[in-house]
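Below: the structure, in C-alpha cells.
Please read all numbers here as calculations on a predicted model, not as lab measurements.
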Amino acid sequence: MLAAILKIIERDIDKLSFEIEQFHKEENLWVTKGGITNSSGNLCMHLIGNLKTYIGKNIGQFPYQRDREFEFTCRNIPKSKLLEEIQETKQIIIISLSNMDPDILDQPYIEDVLGFEMTNTYFLIHLTTHLSYHLGQINYLRRMLEIN
C-alpha cells in the first residue's frame with residue numbers, strides 16, 4: 001500500500017512540475033479568471049506547504065514551518081523558484097515515505113487535521129487525492145489562460 005501511495009504522489013508531483021513548466025507567460029501563474037479565486041502559483045505553493053507539512057514534517061521529521069496564509073497571498077514568485085520547490089518537496093516525500101515503517105499505516109495519524117481521528121493510511125490517501133484535485137485545477141486554469 002505504501003509503495004503504491006508513494007508512486008502515485010511521485011507521479012502527480014511530476015505532473016505538477018510539468019503543469020508549471022507549461023506556463024509560457026510566467027505572469028499567468030498568478031492570474032485568476034471568472035469565479036476562480038486561487039491562481040495556479042498559489043495552488044502550487046499550497047500543495048508544497050501541504051505535502052511538506054503533513055508528510056515531510058509529520059512523517060519524515062523534516063523541519064518545516066508552514067505559513068498557509070502566505071500560500072494563498074504570495075505573488076510573483078518566479079517559475080524557476082516554484083519548480084525548485086516542487087523538486088525539493090518531491091525529494092522530501094520520497095525520503096519520508098521510503099523510510100516510513102509500514103507497520104504504522106493502521107495507527108492514528110499524528111495530528112487531528114480533518115476534525116476526526118484517522119489512520120496514517122486514510123490520511124495518506126486523502127493527501128494523494130488532495131494533490132490530484134488541485135493539480136486538475138492548475139491544469140484547467142492554465143488551459144483557460146494560455147490556449148487560444
For this session: Please report the closest heavy-atom contact between Ile20 and Lys79, naming both atoms and the distance.
Result: O-CD, 3.2 Å
Exercise. Are Met118 and Val113 side-chain neighbours, meaning at least one heavy-atom pair lies under 4.5 Å?
Worked result: yes
Problem set entry | Heavy-atom check, side chain of Leu114 versus side chain of Tyr122, under 4.5 Å | yes
For this session: Report yes if the side chains of Glu27 and Asn76 come closer than 4.5 Å at any heavy-atom pair, otherwise no.
Result: no
Exercise. Is the closest side-chain heavy-atom distance between Ile59 and Leu124 below 4.5 Å?
Worked result: yes
Seminar exercise, completed: For Ile138 and Phe23, the nearest pair of non-hydrogen atoms, with its separation, is CG2-CE1, 4.4 Å
Exercise. Nearest heavy-atom pair of Cys74 and Met45: which atoms, and what distance?
Worked result: SG-CG, 3.8 Å
Exercise. Which atom names give the shortest non-hydrogen contact between Gly60 and Ser96, and what distance separates them?
Worked result: CA-OG, 3.3 Å
For this session: Give, for atom CD1 of Ile92 and atom CG of Leu51, the distance between the pair rounded to the nearest 0.5 Å.
Result: 10.0 Å
For this session: Answer with yes or no whether the hydrophobic clustering places Leu141 together with Leu82; edges join I, L, V, M, F, W, Y residues whose side-chain heavy atoms lie under 4.5 Å apart.
Result: no
May I have the list of side-chain donor-acceptor pairs in residues 6-15 shorter than 3.5 Å, sequence neighbours left out?
from  : atom 1 : to    : atom 2 : distance (Å)
Asp14 : OD1    : Lys90 : NZ     : 2.8
Asp14 : OD2    : Lys90 : NZ     : 3.4

For this session: Starting at CD1 of Ile77, measure out to SG of Cys44 and round the result to the nearest 0.5 Å.
Result: 8.5 Å
Problem set entry | Inter-residue atom distance Thr129.OG1 - Leu127.CG, 0.5 Å rounding | 8.0 Å
Problem set entry | Side chains of Gln22 and Glu146 in contact at under 4.5 Å (non-hydrogen atoms) | no
Exercise. Under the side chain to side chain contact (heavy atoms under 4.5 Å, CB included) test, which residues partner Asn38, sequence neighbours left out?
Worked result: Leu43, Phe72
For this session: Measure the OG1-CG distance between Thr89 and Leu47 for me, rounded to the nearest 0.5 Å.
Result: 9.5 Å
For this session: Would you please name every residue forming a side chain to side chain contact (heavy atoms under 4.5 Å, CB included) with Ser17, sequence neighbours left out?
Result: Glu21, Leu83, Ile86, Gln87
For this session: List, by chain and then residue number, the residues other than Phe18 in its hydrophobic cluster (Ile/Leu/Val/Met/Phe/Trp/Tyr, side-chain heavy atoms under 4.5 Å); write none if there are no others.
Result: none
Problem set entry | Distance, nearest 0.5 Å, that separates OH of Tyr140 from NZ of Lys33 | 9.5 Å
For this session: Indicate yes or no: does Glu19 engage Arg142 in a salt bridge with an N to O separation below 4.0 Å.
Result: yes
Exercise. Residues in side chain to side chain donor-acceptor pair (under 3.5 Å) with Lys81, at least two apart?
Worked result: Glu85
Exercise. Among side-chain atoms of His130 and His126, is any donor-acceptor pair under 3.5 angstrom?
Worked result: no
Exercise. Does a side-chain heavy-atom distance below 4.5 Å link Lys52 with Glu88?
Worked result: yes
For this session: Determine whether the side chains of Arg68 and Asn50 contain a donor N or O and an acceptor N or O closer than 3.5 Å.
Result: no
For this session: Kindly check if the number of other-residue, nucleotide or ligand heavy atoms within 6.0 Å of CE (Met1) is above 12?
Result: no
Under 3.5 Å, which donor-acceptor pairs do the side chains of residues 99-111 form with other protein atoms, sequence neighbours left out?
from   : atom 1 : to     : atom 2 : distance (Å)
Asn99  : ND2    : Ile95  : O      : 3.2
Asp101 : OD1    : Asp103 : N      : 2.9
Tyr109 : OH     : Tyr54  : O      : 2.6
Tyr109 : OH     : Asn58  : ND2    : 3.0
Glu111 : OE1    : Asn58  : ND2    : 2.8

For this session: Check whether Ile55 and Phe62 end up in the same hydrophobic cluster, where Ile, Leu, Val, Met, Phe, Trp and Tyr are linked by side-chain heavy atoms less than 4.5 Å apart.
Result: no
For this session: Would you check if the side chain of Asn28 reaches a backbone N or O of Val31 as a donor-acceptor pair within less than 3.5 Å?
Result: no
For this session: Determine whether Leu29 and Ser39 make a side-chain contact, defined as any pair of heavy atoms from C-beta on separated by less than 4.5 Å.
Result: no
